[in-house]
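Below is one structure, written out as structure tokens; comments come after it.
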Amino acid sequence: MPQPNTPLPYLIIDFDSTFTQVEGLDELADIALQGHPDREKVVGEIRALTDQGMSGSLSFSESLKQRLALLPARREHLPLLVAQLKGKVSESIVRNRGFFEQFPGRVYIVSSGFREFIEPVVADFGIAADHVLANTFTFDATGRITGFDPENVLSRDGGKILQLRELDLEGDVYVLGDGYTDYQIREAGLANRFYAFTENVSREAVVARADEVLPSFDEFLYQNKLPMTLSYPKNRIKVLLLENPDVRAAELFRAEGYQVDSVPGGLDEEELLERIEGVSILGIRSKTQVTARVLERANRLIAVGAFCIGTNQIDLTEAMKRGVAVFNAPFSNTRSVVELALGEIIVLARRIPEKNPKMHQGEWDKSARGSFEIRGKKLGIVGYGNIGSQLSVVAEAVGMQVLYYDVAEKLQLGNAVRCRTLQELLQQADVVTLHVDGRKDNTNLIGAAELAMMKPGALLLNNARGHVVDVPALAAALRSGHLGGAAVDVFPYEPKTNDEGFESELRGLPNVLLTPHIGGSTAEAQRNIAEFVPERIMQYINTGNTQQSVNFPNIQLPLQQAHRLIHVHANVPGVLARINNVLAEHHVNILGQYLKTNEHIGYVITDIDKEYDQEVIQALRAVEHTIKFRVLY
Ligand SMILES: NC(=O)C1=CN([C@@H]2O[C@H](COP(=O)(O)OP(=O)(O)OC[C@H]3O[C@@H](n4cnc5c(N)ncnc54)[C@H](O)[C@@H]3O)[C@@H](O)[C@H]2O)C=CC1
Ligand SMILES: O=C(O)C(=O)COP(=O)(O)O
């Protein structure tokens, strides 16, 4: 592990809610009160007293006395508590176990908690008993905990200050804690800096007085250029979410320790240019255009998450050339679009778009004119991908005959019949439904000529992308009565937010069902997407796994005890050889390596020996044609 450049200050680390995620006494109460009829009430009272003591609203000794009086705990509960606490050490502390093992003499645990449960927990991190300064319990002859040793300075008000005076440390002293009593050490002049540790709890009064706020221990190590397990603290990773993905997405990113900002609605290019600097993860849906200009400004961008299926709104090649991996949710809303399409076919076949508004205006128009069953009718699916082929199965189940046309060779499902040309499909189908992707070449795929080829009275559905259909031509075909109706969910221009109005030539036309791009807008789909995309992005950031990235070569290398380096480079000959030369020159052992290239870039994951120094990292960064280089762990 690299050595720090400056001598390490003494670190005074609090235990409860800092070293561990929880308060030891609260947990003890929980164990001791198992099966007790008033368990929840008593645990709640103890938690409230803990909180009052920590935030400074109740004197510490009073809070401790009252808590112990409420606690029917016994000596035999302590091993259970220790086992529980060992599983609840703060994640960033666990992650950086190596740091504690490397500098045991510089770390003190100073806590108003109790030695009986602290010592065994921190011992696992190489922190010796004489570096644990904490209270001790008193017991009666039967083993019941009766209180605390009043001789111990830590049991008194201002106990941590008294303890630090006794310790009389020389040199720099930094305090890390979540409580007011931790801050008081600094206030009393016994520490140079106070770091409010907020990974588990964040108390306003404490944060307000901190020299620095630490959302994780990684942040402390990073700020002080100390050896750390991650190459970059997660709390420095900024996520910008646009267009309201389900709240679960923000929850997952926050749980990972990232900072999350959300903007309701989309942003246009200029607005996004203003927001993109410093953003590591950009989350969008179908509206936001991620252009070459945006990507150029995006100085810290690691990944773009399209919280939808389509990725035509992103300049995928430019993102790739800049080492930005793009992920989408290729199947999460497939079924929702299929169900909408099926509903639309029936609704149009019964001319509901005309009848429903009339009813609302009090007009009774009972007639079978222009209405038909969908059973036995020919459904022409243009684009037989995930949505098209799923619709094929569902439509056959309700008795439709399916024809399809796709530019790629596709597995023919059920009794679906493949058409060799679009024209062949258009000429036969009673209902034509579009499920092609939004690539530029598909602009006006359905124009006046194609509409003219459709059978008189046929229906057209567009749930794909707005630019795929020439809207003025469609409007003309509807107005002339050549088409029997249309359902349109996507438009060449769509409003940025729900506050903006909707303009289209299709408004007010007969038997036309217009929906505001809601094909994928169901609770199920949005929830699935909001779990799928963050998961892919976090896997990429944490392990380098690019499975299912839409623009990066897909690689997955099994995790092993190693340091992992990822390297994105321009796909020119010899880069891998140069990377490996650098490693060989520095006597670094390669434990595993995988390279994959595409037309523009090469992506290589290398697992190396535990031992490496900063020079290797610098040398790897300097390899010619490097686009992005990251040490993952
Ligand atoms: N309305 C909405 O809310 C939603 C719209 N979508 C749109 O639906 C599209 C399709 O989604 P998936 O089926 O999941 O994508 P997919 O990629 O699985 O399928 C698209 C298929 O279209 C084919 N294709 C492309 N251009 C073609 C052309 N000119 N002629 C014939 N076939 C062509 C492709 O070969 C592919 O098989 C998405 O790209 C997206 O634009 C997706 C989800 C929701
Ligand atoms: O999944 C897609 O491609 C869609 O078109 C759905 O887009 P949205 O998330 O509703 O903006």
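Please read these numbers as outputs of a predicted model, since none were measured by experiment. Counting starts at 1 for both ligands and their atoms, following the listed order.
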Identify the protein atoms, limited to N or O, that lie within less than 3.5 Å of an N or O atom of ligand 2, and list each pair with its distance to 0.1 Å.
unit_1   : atom_1 : unit_2 : atom_2 : d
ligand 2 : 1 (O)  : Ile309 : N      : 2.6
ligand 2 : 1 (O)  : Asn333 : ND2    : 3.0
ligand 2 : 3 (O)  : Ile309 : N      : 3.3
ligand 2 : 3 (O)  : Gly310 : N      : 2.7
ligand 2 : 3 (O)  : Arg465 : NH2    : 2.7
ligand 2 : 5 (O)  : Arg465 : NH1    : 2.8
ligand 2 : 5 (O)  : Arg465 : NH2    : 3.2
ligand 2 : 5 (O)  : His517 : NE2    : 2.7
ligand 2 : 7 (O)  : Ser286 : OG     : 3.4
ligand 2 : 7 (O)  : His517 : NE2    : 3.4
ligand 2 : 9 (O)  : Arg285 : NE     : 2.6
ligand 2 : 9 (O)  : Arg285 : NH2    : 3.3
ligand 2 : 10 (O) : Arg285 : NH2    : 2.9
ligand 2 : 11 (O) : Ser286 : N      : 3.1
ligand 2 : 11 (O) : Ser286 : OG     : 2.5

Please determine which of Val432, Asp430, Val431 meets the side-chain contact (heavy atoms from CB on, under 4.5 Å) test together with Met454.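 Of the listed options, the one satisfying the test is Val432.
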Could you check Glu409, Lys410, Glu424 and say which one makes a side-chain contact (heavy atoms from CB on, under 4.5 Å) with Arg418?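 Testing each of Glu409, Lys410, Glu424 against Arg418, the sole residue satisfying side-chain contact (heavy atoms from CB on, under 4.5 Å) is Glu409.
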Around atom CD of Glu500, are there more than 12 heavy atoms from other residues, nucleotides or ligands closer than 6.0 Å?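 Yes, enclosed.
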Hey, is CD on Gln560 packed in by over 12 heavy atoms from elsewhere, all under 6.0 Å?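 Atom CD in Gln560 is packed in, count exceeds 12.
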Is there any protein N/O under 3.5 Å from an N/O of ligand 1, and what does the full list of such pairs look like?
unit_1   : atom_1 : unit_2 : atom_2 : d
ligand 1 : 1 (N)  : Asn463 : O      : 3.0
ligand 1 : 1 (N)  : Asp489 : OD2    : 2.9
ligand 1 : 3 (O)  : His517 : NE2    : 3.3
ligand 1 : 3 (O)  : Gly519 : N      : 3.2
ligand 1 : 3 (O)  : Gly520 : N      : 3.1
ligand 1 : 13 (O) : Asn386 : N      : 3.2
ligand 1 : 13 (O) : Ile387 : N      : 2.8
ligand 1 : 18 (O) : Asn386 : N      : 2.9
ligand 1 : 18 (O) : Asn386 : ND2    : 3.4
ligand 1 : 26 (N) : Asn442 : ND2    : 3.0
ligand 1 : 29 (N) : Asn442 : OD1    : 2.7
ligand 1 : 32 (N) : Val407 : N      : 3.3
ligand 1 : 35 (O) : Asp406 : OD1    : 2.6
ligand 1 : 37 (O) : Asp406 : OD1    : 3.4
ligand 1 : 37 (O) : Asp406 : OD2    : 2.6
ligand 1 : 37 (O) : Lys410 : NZ     : 3.3
ligand 1 : 41 (O) : Arg465 : NE     : 3.4
ligand 1 : 41 (O) : Arg465 : NH1    : 3.3

For the pair [X] and [Y], find out whether any cationic side-chain nitrogen is under 4.0 Å from an anionic carboxylate oxygen.
X	Y	result
Glu251	Arg248	yes
Lys234	Glu256	yes
Arg439	Asp437	yes

For the residue pair Lys378 and Tyr404, would you count it as a cation-pi contact if the rule is NZ or CZ under 6.0 angstrom from the ring centre and within 45 degrees of the ring axis?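 Cation-pi check for Lys378 and Tyr404: fails.
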Do the numbers put Arg536 on top of the ring of Phe532, so that NZ or CZ is under 6.0 Å from the six-membered ring centre and no more than 45° off the axis?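 Yes, Arg536 lies over the aromatic ring of Phe532.
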